[in-house]
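Below: one structure, written as structure tokens.
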Amino acid sequence: QVQLVESGGGLVQAGDSLRLSCAASGMTFSSYAMGWFRQAPGKEREFVATISWSGSSTYYADSVQGRFTISRDNAKNTAYLRMKSLKSEDTAVYYCAAKVWGLVERREAEYKYWGQGTQVTVSS
């Protein structure tokens, strides 16, 4: 079955960097667009970034534009989210998700598979 496993979360200081990974299995990874979403305590889950199947197209939420970079390695069946200049408001559980048909997408409902999430805590 399809599995998405996030890793790389942790506790960091404001201004630090962190790289999240999302390892996929049980699917033809290169056929899927990938997305990162996050959910802060007491808030709804929100879109962070998305990347097309080939990696040629990316799209970011305004709140992370210029600080976060999404990428993928189709040979390793892994998507990444590089986060820099982290702020306390970036504290959340980060989820990766996979969407069929490979094009970038910010709407959560369009994603078919989801990981369990990884906690990122940024202390100020």
Would you say [X]'s side chain and [Y]'s backbone share a donor-acceptor pair under 3.5 angstrom?
X: Ser63; Y: Ala61; answer: no
X: Arg19; Y: Arg82; answer: no
X: Thr58; Y: Ile51; answer: no
X: Arg72; Y: Phe29; answer: yes
X: Thr28; Y: Ser30; answer: no
X: Glu6; Y: Gly117; answer: yes

Atom pair CZ/OG of Arg67 and Ser85 - distance to nearest 0.5 Å
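Those atoms lie 7.0 Å apart.
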
Starting at OG1 of Thr91, measure out to CZ of Arg38 and round the result to the nearest 0.5 Å.
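These two atoms lie 9.0 Å from each other.
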
Just checking, any donor-acceptor pair under 3.5 angstrom between side chains of Gln119 and Thr121?
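Checked: Gln119/Thr121 side chains pair up, N/O donor to acceptor below 3.5 Å.
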
State whether a side-chain donor-acceptor pair under 3.5 Å links Ser52 with Tyr32.
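No pair is found: no donor N or O on one side chain lies under 3.5 Å from an acceptor on the other.
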
Under the criterion side chain to side chain contact (heavy atoms under 4.5 Å, CB included), which of Leu20, Leu18, Leu81, Val93 is the partner of Thr118?
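For Thr118, the side chain to side chain contact (heavy atoms under 4.5 Å, CB included) check succeeds only for Leu20.
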
Do the side chains of [X] and [Y] join up, straight or via other hydrophobic residues, at under 4.5 Å, putting them in one cluster?
X: Val104; Y: Tyr113; answer: no
X: Val5; Y: Ile70; answer: no
X: Met27; Y: Trp36; answer: yes
X: Val64; Y: Met83; answer: yes

How about Gln39: does its CD atom have over 12 heavy atoms from other parts shown lying under 6.0 Å from it?
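It does: Gln39 CD has more than 12 such atoms within range.
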
Could you go through Met34 and Leu4, starting from their C-alpha distance and side-chain angles, then the distance that decides it, and tell me whether this counts as side chain to side chain contact (heavy atoms under 4.5 Å, CB included)?
CA-CA 10 Å; Met34 298 299 294; Leu4 299 176; 4.1 Å; yes

Measure up the Tyr111 and Phe37 rings against each other and bin them: parallel (under 30°), tilted (30 to 60°), perpendicular (over 60°).
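Ring orientation of Tyr111 relative to Phe37: perpendicular.
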
Sort and list the pairs that fulfil ring-ring contact (aromatic ring centres under 6.0 Å, His included) and have at least one residue in residues 60-90, not counting sequence neighbours.
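Qualifying pairs, neighbours excluded: none.
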
Determine, stepwise, if the pair Trp53 / Ser31 fulfils side chain to side chain contact (heavy atoms under 4.5 Å, CB included).
CA-CA 6 Å; Trp53 67 274; Ser31 296; 6.0 Å; no

For Ser88 against Ser124, the heavy-atom pair lying closest together
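Closest approach of Ser88 to Ser124, heavy atoms only: CB-CB, 4.3 Å.
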
Which atom names give the shortest non-hydrogen contact between Glu110 and Glu105, and what distance separates them?
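Heavy-atom minimum between the residues: CB-CG, 3.5 Å.
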
Checking Ala40 now: which residues fulfil side chain to side chain contact (heavy atoms under 4.5 Å, CB included) with it, not counting sequence neighbours?
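Side chain to side chain contact (heavy atoms under 4.5 Å, CB included) list for Ala40, sorted by chain: Lys43, Ala92.
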
Does a salt bridge link Asp16 with Lys84, judged by any charged N lying under 4.0 Å from a carboxylate O?
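So Asp16 does not pair with Lys84 through a salt bridge.
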
Please walk me through it: do Phe47 and Glu108 pass side chain to side chain contact (heavy atoms under 4.5 Å, CB included)?
CA-CA 7 Å; Phe47 167 76; Glu108 185 174 329; over 6 Å; no

Would Arg45 count as a cation-pi partner of Tyr95, with NZ or CZ less than 6.0 Å from the six-membered ring centre and within 45° of the ring normal?
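Yes, Arg45 sits over the ring of Tyr95.
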
